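Just so you know, these numbers come straight off a predicted model, no measurement behind them.
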Amino acid sequence: VGPPIEDEPAWATFDDEPPPHEEVVLLFWVDWSGAKYMEAARYSTGERLPNGYSNYSQHSWATHWMPLPAPPEGTME
């Protein structure tokens with residue numbers, strides 16, 4: 001394993017700053033058995049409505065997040 005790559009996304013906790021709403025990010029957590037999980041998903045989705053109702057949802061288990069890395073070169077053309 002080499003040194004960190006310049007401008008590489010770093011893991012953040014939700015106390016540091018929340019992930020952008022409705023944006024896919026990498027999420028990480030450790031479950032009760034010690035198993036480690038990582039997935040690309042939206043941390044929060046939906047909206048809070050003016051009438052008091054909400055379809056807002058948050059990922060329940062994630063403890064850390066970071067932006068997605070850039071896609072491989074030549075794949076977005």
From Trp61 atom CH2 to Tyr37 atom OH, the distance as rounded to the nearest 0.5 Å:
10.0 Å
Using only heavy-atom distances, determine whether the side chains of Asp15 and Thr13 contain a donor-acceptor pair under 3.5 Å.
no
For Trp11, the side chain to side chain contact (heavy atoms under 4.5 Å, CB included) test, sequence neighbours excluded, returns Leu26, Phe28, Met38, His64, Met66
Can you list the other members of the hydrophobic cluster that holds Leu49, where links are side-chain heavy atoms under 4.5 angstrom apart?
Tyr53
Do side-chain atoms of His21 reach the backbone of Arg42 as a donor and acceptor pair under 3.5 angstrom?
no
Closest heavy-atom pair, Ala62 versus Phe14, reported as atoms and distance to 0.1 Å, is O-CE1, 3.1 Å
Are Trp65 and His59, when compared by the centres of their aromatic rings, separated by less than 6.0 Å?
no
Over all atoms of both residues, closest heavy-atom pair of Pro67 and Ala10:
CD-O, 4.3 Å
Do side-chain atoms of Glu22 reach the backbone of Gly46 as a donor and acceptor pair under 3.5 angstrom?
yes
Heavy-atom closest pair (Val30 atom, Lys36 atom, distance to 0.1 Å) is CG2-CG, 3.9 Å
Enter the distance from Ser44:OG to Glu23:CD here, rounded to the nearest 0.5 Å.
10.0 Å
